[in-house]
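For reference, the structure is listed below as structure tokens.
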Amino acid sequence: MSRWIEKFPRWALTVLAALCLLPGTWKLPLMDRDEPRFARATVEMNERGSWAVPYFNGEYRFDKPPLTYWCMEPGLLLFGKTEIGARLHSLVASWVIALVLYELVVLMGGRRGQGFVAGAGWLTCLQVILHGRLAVADVLLIVWVALAMLCLVKIGRRVEQRWLVLDRWFLGLVGSLALGFLAKGPLVFLVPGFAIG
């Protein structure tokens with residue numbers, strides 16, 4: 001088993017993500033106060049055909065940035081107006097974070113098995129098992145912060161070399177920060193800001 005994990009760590013993380021996040025996700029009703037609001041606002045935006053202005057119960061909903069609504073839409077199209085449809089974006093984001101953690105560990109000199117342990121540690125954390133299956137913006141914020149940190153590490157490795165502003169990792173950093181801002185606002189700048197500082 002450990003040889004398989006060492007040989008196919010990304011596949012192993014994908015299987016672990018499915019085992020940790022999928023069971024019961026389609027049965028668990030929308031809870032908290034934000035989950036039903038995000039889901040209903042996405043349904044109303046779809047019904048109105050207006051993806052720029054969020055609505056909830058026929059009124060404007062500017063409480064949260066719009067990325068969560070936009071990311072929720074494919075799940076609702078794929079699975080209908082169901083719990084799993086509303087939560088699909090969080091499940092995918094949690095899985096992507098595990099893969100990014102794997103890449104960060106390997107990029108910084110760790111072995112593939114150590115990268116797997118980092119991703120597995122993320123996926124098996126109780127907070128991730130709970131929030132990774134909720135239809136909210138929190139996991140979207142974390143995925144964009146993780147991707148921004150991956151870009152920063154890649155950029156840091158090129159400092160000695162000739163580095164262009166239009167480098168793909170610089171563009172990835174800017175894109176990650178922009179999408180993180182659309183997910184949860186200015187919180188996205190804290191972790192990369194501290195890392196740069």
### Task
Could you please spell out the steps behind the side chain to side chain contact (heavy atoms under 4.5 Å, CB included) verdict for M45 and W70?
CA-CA 9 Å; M45 289 172 76; W70 299 339; 4.1 Å; yes
### Task
Determine, using the 4.5 Å side-chain heavy-atom cutoff (strictly less than), whether V105 and L147 are members of one ILVMFWY cluster.
no
### Task
Output, in order, the C-alpha distance, side-chain angles, deciding distance and verdict of side chain to side chain contact (heavy atoms under 4.5 Å, CB included) for V143 and V100.
CA-CA 8 Å; V143 76; V100 170; 5.5 Å; no
### Task
Is it possible for you to say whether F170 and I196 belong to one hydrophobic cluster, with membership spreading through side-chain heavy-atom contacts below 4.5 Å?
yes
### From L91 atom CG to L21 atom CG, the distance as rounded to the nearest 0.5 Å
5.5 Å
### Query
Do the ring centers of F116 and Y102 come within less than 6.0 Å of each other?
no
#### Entry: Single-linkage hydrophobic cluster, 4.5 Å side-chain cutoff, M72 and L77 together
no
### Message
Between E59 (side chain only) and F56 (backbone N and O only), is there a donor and an acceptor less than 3.5 Å apart?
### Response
no
### Task
Have a look at F38 and tell me which of V43, L30, L134, T68 forms a side-chain contact (heavy atoms from CB on, under 4.5 Å) with it.
T68
### Heavy-atom pair of closest approach, residues L177 and P192
CD2-CG, 3.9 Å
## Note on the structure
Looking only at heavy atoms, the pair that brings L173 and A148 closest together is CD1-O, 3.6 Å
### Summary
One should read off an interatomic distance between E44 CD and Y69 OH, to the nearest 0.5 angstrom, of 10.5 Å
### Message
With a 4.5 Å cut-off on side-chain heavy atoms, are R111 and V106 touching?
### Response
no
### Task
Give, for atom CG of L179 and atom CG of L141, the distance between the pair rounded to the nearest 0.5 Å.
11.5 Å
### Summary
Taken to the nearest 0.5 Å, the spacing of L16 CG from L123 CG works out to 5.0 Å
### Heavy-atom pair with the smallest gap, counting every atom of C71 and P74
O-CD, 3.3 Å
### Query
Where do G119 and L13 come nearest, in terms of heavy atoms and distance?
C-CD2, 3.6 Å
#### Entry: Test side chain to side chain contact (heavy atoms under 4.5 Å, CB included) applied to K184 and L67, step by step
CA-CA 8 Å; K184 194 93 172 172; L67 187 66; over 6 Å; no
#### Entry: W122 (side chain) donor-acceptor with S94 (main chain) under 3.5 angstrom
yes
### Message
Less than 4.0 angstrom from a charged side-chain N to a carboxylate O is my criterion; do K81 and E47 meet it?
### Response
yes
### Query
Do L190 and L187 come close enough that some side-chain heavy atom pair is under 4.5 Å?
yes
### Task
Working to the nearest 0.5 Å, report the span between NZ of K154 and CG of L104.
9.5 Å
### Message
Do H89 and V139 have side chains that approach each other closer than 4.5 Å (heavy atoms only, starting at C-beta)?
### Response
no
### Query
Does I155 share a hydrophobic cluster with V191, counting links as ILVMFWY side-chain heavy atoms below 4.5 Å and allowing steps through other members?
yes
### Message
Looking at every heavy atom in both E35 and M31, which two are closest together, and how far apart are they?
### Response
OE1-N, 2.7 Å
### Query
Which atoms form the tightest heavy-atom contact between A39 and A86, and what is the distance?
CB-CB, 4.1 Å
### Query
If you count the non-hydrogen atoms of other residues, nucleotides and ligands that lie under 6.0 Å from CH2 in W11, is the total more than 12?
no
### Message
I'd like to know whether CZ of R48 has more than 12 heavy-atom contacts from other residues, nucleotides or ligands below 6.0 angstrom.
### Response
yes
#### Entry: Verify same cluster id: L28, W26 (apolar side-chain graph, 4.5 Å)
yes
#### Entry: Carboxylate-amine/guanidinium contact R87 E83, below 4.0 Å
no
### Message
Just by distance, no angles: are the side chains of T14 and W95 close enough, under 3.5 Å, to form a donor-acceptor pair?
### Response
yes
### Task
List the steps, then state whether side chain to side chain contact (heavy atoms under 4.5 Å, CB included) holds for R10 with E103.
CA-CA 9 Å; R10 292 178 190 92; E103 294 297 333; 2.7 Å; yes
### Message
E73 and side-chain contact (heavy atoms from CB on, under 4.5 Å): which single residue from L88, N46, L78 fits?
### Response
N46
### Message
Nearest 0.5 angstrom please: C20 SG to R133 CZ, how far?
### Response
8.5 Å
### Task
Could you tell me whether the side chain of F181 reaches within less than 4.5 Å of the side chain of P186, counting heavy atoms only?
yes
